[in-house]
There are 2 protein chains.
Amino acid sequence: MAKRDKDAGQRGRANGRRAGDRGHYGRLSRERVLATALELVDREGLSALSMRRVGAELGVEAMALYRYARSKDALLDGLVEALYLELEDDLADTDATRVPVADGPAWRAELHRIAQATYRVALAHPHVVPLLATRMLAVPLARRPLAVLKDHERVLTLLEEQAGLDEKGASAAFRAFSSWVLGYIFVELRAMVDNPEEPDPAFRLGLHRMPAQELPRLRRTAPSLAEHGGVRGLAAGLDALLDAELGRP
Amino acid sequence: MAKRDKDAGQRGRANGRRAGDRGHYGRLSRERVLATALELVDREGLSALSMRRVGAELGVEAMALYRYARSKDALLDGLVEALYLELEDDLADTDATRVPVADGPAWRAELHRIAQATYRVALAHPHVVPLLATRMLAVPLARRPLAVLKDHERVLTLLEEQAGLDEKGASAAFRAFSSWVLGYIFVELRAMVDNPEEPDPAFRLGLHRMPAQELPRLRRTAPSLAEHGGVRGLAAGLDALLDAELGRP
DNA sequence: GCAAAATATTTACGATGTATCCGTACATTT
DNA sequence: AAATGTACGGATACATCGTAAATATTTTGC
């Protein structure tokens with residue numbers, strides 16, 4: 001893709017912008033469009049994302065975006081891509097906080113590092129996370145953004161090359177890894193608080209709305225349920241799954 | 001559309017239906033609306049779901065639906081509810097195929113039964129599954145459909161009452177259980193096939209679209225990755241997680 | 001049979017995704 | 001420097017969407 005602009009050579013010189021008068025910010029670009037869309041979604045949620053809105057944010061008509069995303073769905077895929085690009089950065093950053101990693105082989109630690117980076121990036125953009133479900137169901141593997149595929153490749157390589165699994169085993173482990181990380185993130189992001197103002201925990205959770213007769217346990221346990229498992233919980237489950245998938249460390 | 005007959009006479013006693021000519025089926029009801037919406041989504045996907053469309057399907061104007069769902073979002077929540085109601089039925093059905101359950105305490109088998117029933121119901125309505133992510137992020141616990149909460153209650157009760165966990169422990173186990181089941185279903189539903197017509201597996205997956213240089217492993221492993229883990233995989237991971245969360249059986 | 005309540009229709013509005021056509025400013029060639 | 005091709009963004013238009021408000025119709029209770 002992106003194969004037509006032959007020159008691309010410098011196009012306005014350096015920055016002497018002055019086109020139409022629309023752009024205090026110079027020309028559009030896929031990066032600029034995606035960054036703006038991501039910002040908007042982070043700020044106001046997925047439902048605020050419309051072509052016109054993103055256009056406005058960029059000082060441009062909605063139709064101008066179609067040069068950089070062939071449809072709104074493509075824009076959504078772009079958001080997913082942006083997320084995975086951020087993940088790549090995060091992983092390249094060697095300083096990235098690496099939290100509680102049980103000892104064991106290097107590939108295991110690396111899987112934890114990936115899982116935790118994914119967790120961090122996802123929590124940083126909660127409104128984008130639903131797209132991880134939606135778009136992955138809509139877009140077949142081979143058509144997913146490159147950044148997504150590179151992430152898959154990275155995990156697969158660890159499993160096949162370093163953990164020494166064969167194709168079958170690596171596939172199973174890969175599925176388990178993805179399922180756990182994704183599911184964990186979703187559950188962590190589920191809305192729990194009903195009324196953030198309220199100081200009393202029970203009211204904050206809106207427990208008074210739940211029929212006490214039928215849901216005694218849930219009512220009692222809800223406050224504890226509302227807490228986050230954090231990276232600890234993520235790591236614990238991952239270890240459990242890896243142990244089962246490949247034998248203990 | 002269809003607005004000609006003014007007569008509309010009385011619309012039938014008992015069942016001698018004959019109203020307007022809209023309703024071969026009598027009055028609207030929440031159940032009818034949800035069932036129709038679910039059918040439509042199963043048949044044509046989430047994007048085909050619009051108030052007007054559901055209305056048309058029922059021989060009714062779009063606005064008529066608003067008596068049974070206060071907004072489109074509420075309708076979506078209704079679909080989630082419908083899914084969980086089906087799950088309840090499935091679980092009540094003692095004949096429901098209970099597949100490979102490791103031996104161990106009864107509550108463990110029961111958790112497997114719930115997981116597998118959830119899996120079955122979800123795979124039966126793949127287009128609805130994204131809503132499990134979307135709506136759960138949008139609707140706080142206390143406002144979720146009763147059927148959803150009853151499912152939570154059921155799992156929690158098993159963990160606290162039968163497995164003997166305290167609140168903290170049960171919460172952690174509950175989160176692990178939900179994460180795994182949900183994540184597993186999502187990964188299982190991810191689109192893999194690019195071109196269903198194609199007989200050759202590699203082409204069917206559209207592997208020729210993926211850059212070979214950067215993704216050698218993924219290309220090689222994709223066919224195996226495209227296979228389903230099925231209930232076996234679901235059960236295996238669940239056992240691993242439960243072992244870790246409560247000690248081996 | 002009739003008033004009251006429940007249910008469905010009409011009409012209307014603003015927002016959305018996107019197809020199509022048009023202008024314009026720059027890059028390259030002459 | 002003038003001409004020209006082309007990438008880029010704007011303008012306009014349309015079908016569809018969710019839904020508020022007012023209206024019409026049917027059902028129900030007495």
Side-chain angles (χ1 to χ4, degrees), chain A residues 1-30 32-33 36-37 40 44-78, chain B residues 1-33 36-37 40 44 46-78:
Chain A
M1 66 214 18
K3 201 9 39 325
R4 72 204 7 162
D5 69 333
K6 64 197 2 12
D7 106 295
Q10 41 65 277
R11 43 213 344 173
R13 72 212 72 93
N15 82 356
R17 287 274 66 282
R18 244 235 86 287
D21 87 334
R22 163 205 101 259
H24 327 52
Y25 296 107
R27 277 279 234 325
L28 283 180
S29 73
R30 184 167 164 84
R32 243 151 66 67
V33 170
T36 305
L40 175 61
E44 307 193 27
L46 258 185
S47 62
L49 184 75
S50 78
M51 302 303 272
R52 290 182 228 258
R53 196 77 202 296
V54 175
E57 209 98 349
L58 284 160
V60 143
E61 297 298 312
M63 291 310 292
L65 305 177
Y66 280 77
R67 195 170 308 278
Y68 306 96
R70 285 200 304 292
S71 68
K72 190 187 181 182
D73 277 349
L75 213 193
L76 296 179
D77 291 336
Chain B
M1 63 205 19
K3 199 5 41 338
R4 72 217 51 277
D5 67 332
K6 60 172 28 357
D7 107 297
Q10 41 65 284
R11 64 205 324 161
R13 66 226 88 37
N15 85 357
R17 292 270 64 284
R18 240 227 100 285
D21 86 333
R22 164 200 101 259
H24 325 50
Y25 297 109
R27 276 273 238 326
L28 245 35
S29 74
R30 184 166 163 83
E31 289 69 40
R32 243 151 65 66
V33 169
T36 305
L40 176 60
E44 306 193 28
L46 258 187
S47 61
L49 185 76
S50 78
M51 301 303 271
R52 291 183 227 259
R53 196 76 203 296
V54 175
E57 210 97 350
L58 285 159
V60 143
E61 296 301 311
M63 291 309 293
L65 305 177
Y66 279 77
R67 192 171 309 279
Y68 307 96
R70 283 198 305 292
S71 67
K72 190 187 180 182
D73 276 350
L75 213 193
L76 296 179
D77 292 336

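Since we're looking at a predicted model, the values are computed, not measured. Chain letters run A, B, ... following the sequence lines, proteins first and then strands; every chain starts at 1.
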(request) Note down the inter-axis angle between the two ends of the helix from dG1(C)-dC30(D) to dT30(C)-dA1(D), five pairs each, to the nearest 10°. (result) 10°
(message) Rounding to an integer number of Å, can you tell me how far Leu46(A) CG sits from dT16(C) C1'?
(response) 15 Å
(request) Could you work out which one of dT18(C), dG18(D), dT9(C) sits closest to the side chain of Met51(B)? (result) dG18(D)
(request) Could you tell me the separation between the CE atom of Met51(B) and the CE atom of Met63(B), rounded to the nearest 0.5 Å? (result) 8.0 Å
(message) Using whole Å, what does the distance between atom C1' of nucleotide dT18(C) and atom CZ of Arg52(A) come to?
(response) 9 Å
(message) For Val54(A) versus Val33(A), what's the shortest heavy-atom pair and its separation?
(response) CG1-O, 4.4 Å
(message) Give me the atom names and distance for the closest heavy-atom approach of Thr36(A) to Arg32(A).
(response) OG1-O, 2.7 Å
(message) Taking Ala62(B)'s backbone N and O only, do any of them form a donor-acceptor pair with Arg52(B)'s side chain (distance below 3.5 Å, no angle check)?
(response) no
(request) Measure from CG on Leu58(A) to C1' on dC8(D) and round the result to the nearest Å. (result) 14 Å
(request) Could you tell me which non-hydrogen atom of Gly55(B) sits nearest to which non-hydrogen atom of Leu65(B), and how far apart they are? (result) N-CD1, 3.7 Å
(request) Take atom CG of Leu28(B) and atom C1' of dT9(C), then tell me their distance rounded to the nearest Å. (result) 13 Å
(request) With sequence neighbours excluded, tell me which residues meet side chain to side chain contact (heavy atoms under 4.5 Å, CB included) with Arg53(B). (result) Leu40(B), Glu44(B), Ala48(B), Ser50(B), Glu57(B)
(request) Can you figure out which of dA11(D), dG18(D), dT9(C) approaches the side chain of Glu61(A) most closely? (result) dA11(D)
(request) To the nearest Å, give me how far apart CZ (Arg27(B)) and P (dT25(D)) are. (result) 16 Å
(message) Please list, in numerical order, the residues of residues 64-72 of chain B that have a heavy atom closer than 4.0 Å to any atom of DNA chain C.
(response) Ala64(B), Arg67(B), Tyr68(B)
(request) Take atom CE of Met63(B) and atom C1' of dC17(D), then tell me their distance rounded to the nearest Å. (result) 12 Å
(message) What is the separation between atom CG on Asp73(A) and atom C1' on dT18(C), rounded to the nearest whole Å?
(response) 12 Å
